[in-house]
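Notes to accompany the following structure.
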Protein chains: 4
Amino acid sequence: MNTPAMNAPADPAFASRCRASFARQKAMKLIGARLAVVDPGYVEIELPWLEELTQQKGYVHGGIVGMIADTACGYSAFSLMPADCSLVTVEYKVNILNPGRGGLVAKAQVVKPGRTLTVARAEVYADDGTHVATMLQTLMMLAGIPDTP
Amino acid sequence: MNTPAMNAPADPAFASRCRASFARQKAMKLIGARLAVVDPGYVEIELPWLEELTQQKGYVHGGIVGMIADTACGYSAFSLMPADCSLVTVEYKVNILNPGRGGLVAKAQVVKPGRTLTVARAEVYADDGTHVATMLQTLMMLAGIPDTP
Amino acid sequence: MNTPAMNAPADPAFASRCRASFARQKAMKLIGARLAVVDPGYVEIELPWLEELTQQKGYVHGGIVGMIADTACGYSAFSLMPADCSLVTVEYKVNILNPGRGGLVAKAQVVKPGRTLTVARAEVYADDGTHVATMLQTLMMLAGIPDTP
Amino acid sequence: MNTPAMNAPADPAFASRCRASFARQKAMKLIGARLAVVDPGYVEIELPWLEELTQQKGYVHGGIVGMIADTACGYSAFSLMPADCSLVTVEYKVNILNPGRGGLVAKAQVVKPGRTLTVARAEVYADDGTHVATMLQTLMMLAGIPDTP
């Protein structure tokens, strides 16, 4: 969907910058998520199975599915941004396609990079290949505002 | 948006049924969320502040905001359902309006109840009154399928 | 949802500016839509019944329902903007709640005004009071870019 | 995204059924849209440039973009359905990525077919290859209810 040229990262240290930002996300630590892949405009987040993440029927909570897709979309966009900016989630929409059983992976890619707004998409799959969810997300870059508290 | 007649619960024990279901959600326990109000077609979920729930800049993670809004929408719909059914989230869309600081509350109400599909909406506010997020969600009733593992 | 103070229009001539912009929308003329109400942060668009607007079963086409809700959200946001800017739709999500029969009205209001992004919501009703659709939309202001071709 | 097996149409006459249904959509005739491709789980709708379809700045109206994406998603789902059913749009979300100039094409495919709910996605492109919009849509099958007025 993107040509390589569209996804040239503005910051050569994009991967370490994404990883350092992800490491500051206490919510990702809480649920045990791991930033598995960081390419320009493409990110994978893995979520090993944990009973603590389930809803009332024993599947992974839909909100947890949304969390990893949301975060994967965010870092796919962040990977293309300049070093001195931060990013906020404007909105996202997620369709839950199948119950989430077992470990999950969220694979996100930038659909349209932009100076102000970026649109990204994520697919969430279970370990057994089931397509669990699909997300479409809008993000806004805050130029010159650091990605730290 | 709903007349009282639209929101007559099919199950007089709706509140205890919702509370029992919520109590089975290990993910809600993990993040410390509490089912504060259960009325017919209306639910509030409270989320006290916890540093473990934050993202890289110290705000409550947008995915956590989505989780409580998602769950509040779900139980607002579930409160109107017959006793022997369960409910799945079809999809939701959330706009993050302001950073989430401090404790949060998600207030959800049914927009349109239905035999198969229900549409619900949630607003998330911070303790200081800031409007943090707004969600629109679609849910599907599974008739005769119990809400247990 | 908004206090009056939040919705003070930046341009006292907001109503005539909105009406002039709407009059340039040939697509609104094509479907016969009319800008009925323009208040600060609130807009109503009326769509009289026309057989030309229907889908295969004789109801108003869901995309037409989306068009008037989209446009109503846009002008609710535009009403609060400075005179020298234009506005683009970033995204919208619409739930079709009931088939659209007869004339329709889309009632939109700003949920959160902003310097760059504004979030608005619309409800579409049929002449007989049926709730036909609900929309949540994100818009972006383009400062200093005129709202003309 | 779909394996061929997932997209086996239930009705061998799916293409003529889709074309007959599309031909009943007066709203598609009004805007000059054409059902260009009907494959199992995949549909293309073409929209030649018409000044009557524009908004205030001379681009194709975002609601018109939504209309053709909405309709393309619908028929991508309808192509996989049994002969004696009809389909309603539950909801859709569309991101407008670039202004729509010139003729447009909406390319839709089923993401997840289902007995009750189907999820589809559409991309809208301009004649010059610009990516104009991306849509994610949920549809519901009405078994045994004919697709006629």
Side-chain angles (χ1 to χ4, degrees), chain C residues 18 20-33 50-75 78 86-99 133-140 142 145-149, chain D residues 18 20-33 50-75 78 86-99 133-140 142 145-149:
Chain C
C18 284
S21 175
F22 186 90
R24 287 195 301 278
Q25 292 213 358
K26 295 189 173 69
M28 287 294 108
K29 188 178 176 190
L30 179 71
I31 65 172
L50 272 181
E51 202 180 344
E52 285 81 356
L53 306 179
T54 55
Q55 36 82 291
Q56 77 283 2
K57 296 183 75 166
Y59 305 129
V60 180
H61 194 285
I64 298 278
V65 173
M67 270 184 83
I68 59 169
D70 166 29
T71 307
C73 283
Y75 285 108
F78 196 55
S86 58
L87 200 61
V88 292
T89 297
V90 174
E91 58 84 39
Y92 58 87
K93 178 240 204 297
V94 60
N95 273 71
I96 307 293
L97 304 173
N98 284 294
T134 183
M135 177 178 283
L136 193 53
Q137 182 174 88
T138 310
L139 301 115
M140 183 165 62
L142 304 176
I145 297 182
D147 179 55
T148 44
Chain D
C18 285
S21 175
F22 185 92
R24 286 194 303 276
Q25 292 214 356
K26 295 190 172 68
M28 287 294 108
K29 188 178 176 191
L30 179 71
I31 64 171
L50 272 181
E51 202 179 347
E52 285 80 358
L53 305 179
T54 54
Q55 36 82 292
Q56 76 282 3
K57 297 183 74 167
Y59 305 128
V60 179
H61 195 286
I64 297 279
V65 173
M67 270 184 83
I68 60 169
D70 165 31
T71 307
C73 284
Y75 285 108
F78 197 55
S86 59
L87 200 61
V88 292
T89 297
V90 175
E91 60 83 40
Y92 58 87
K93 179 244 204 293
V94 60
N95 272 70
I96 307 294
L97 304 173
N98 285 294
T134 183
M135 178 178 281
L136 193 54
Q137 182 172 89
T138 310
L139 301 115
M140 182 165 63
L142 304 176
I145 296 182
D147 179 57
T148 44

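The shortest distance between side-chain heavy atoms of D:Leu53 and C:Leu30 falls below 4.5 Å. Within the 4.5 Å cutoff, the side chain of C:Phe22 has heavy atoms near those of the C:Thr71 side chain.
Proximity to chain C (any heavy atom under 4.5 Å) is shown, for D:Thr138, by neither the backbone nor the side chain. In this structure, no portion of D:Pro99 lies under 4.5 Å from any heavy atom of chain C. Using a 4.5 Å cut-off between heavy atoms, C:Thr148 touches chain D through its backbone atoms (N, CA, C, O) alone. At a 4.5 Å heavy-atom cutoff, C:Thr134 makes no contact with chain D through either its backbone or its side chain. Heavy atoms of C:Asp70 lying under 4.5 Å from chain D belong exclusively to its side chain. With a threshold of 4.5 angstrom between heavy atoms, C:Glu51 approaches chain D through its backbone and through its side chain.
Annotation: maximal heavy-atom pairing with chain D below 4.5 Å, among C:Val88, C:Thr89, C:Leu97, C:Ile31, occurs at C:Thr89. Taking C:Met135, C:Glu91, C:Lys57, C:Gln137 one by one and counting their heavy-atom pairs under 4.5 Å with chain D, the maximum is reached by C:Lys57. Among C:Ala20, C:Ala23, C:Gly58, C:Ser21, the residue with the largest count of heavy-atom pairs under 4.5 Å with chain D is C:Ser21. Between chain D and the residues C:Val94, C:Leu136, C:Asn95, C:Ile96, the largest count of heavy-atom pairs under 4.5 Å involves C:Val94.
Residue C:Asp147 comes nearest to C:Ser86 through the heavy atom pair CA-CB, 3.7 Å, listed as atom of the first residue, atom of the second, then distance. For the residue pair D:Gly63 and C:Tyr92, the shortest heavy atom distance occurs at CA-OH, 3.8 Å.
A donor-acceptor pair shorter than 3.5 Å cannot be found between the side chains of C:Gln55 and D:Gln25.
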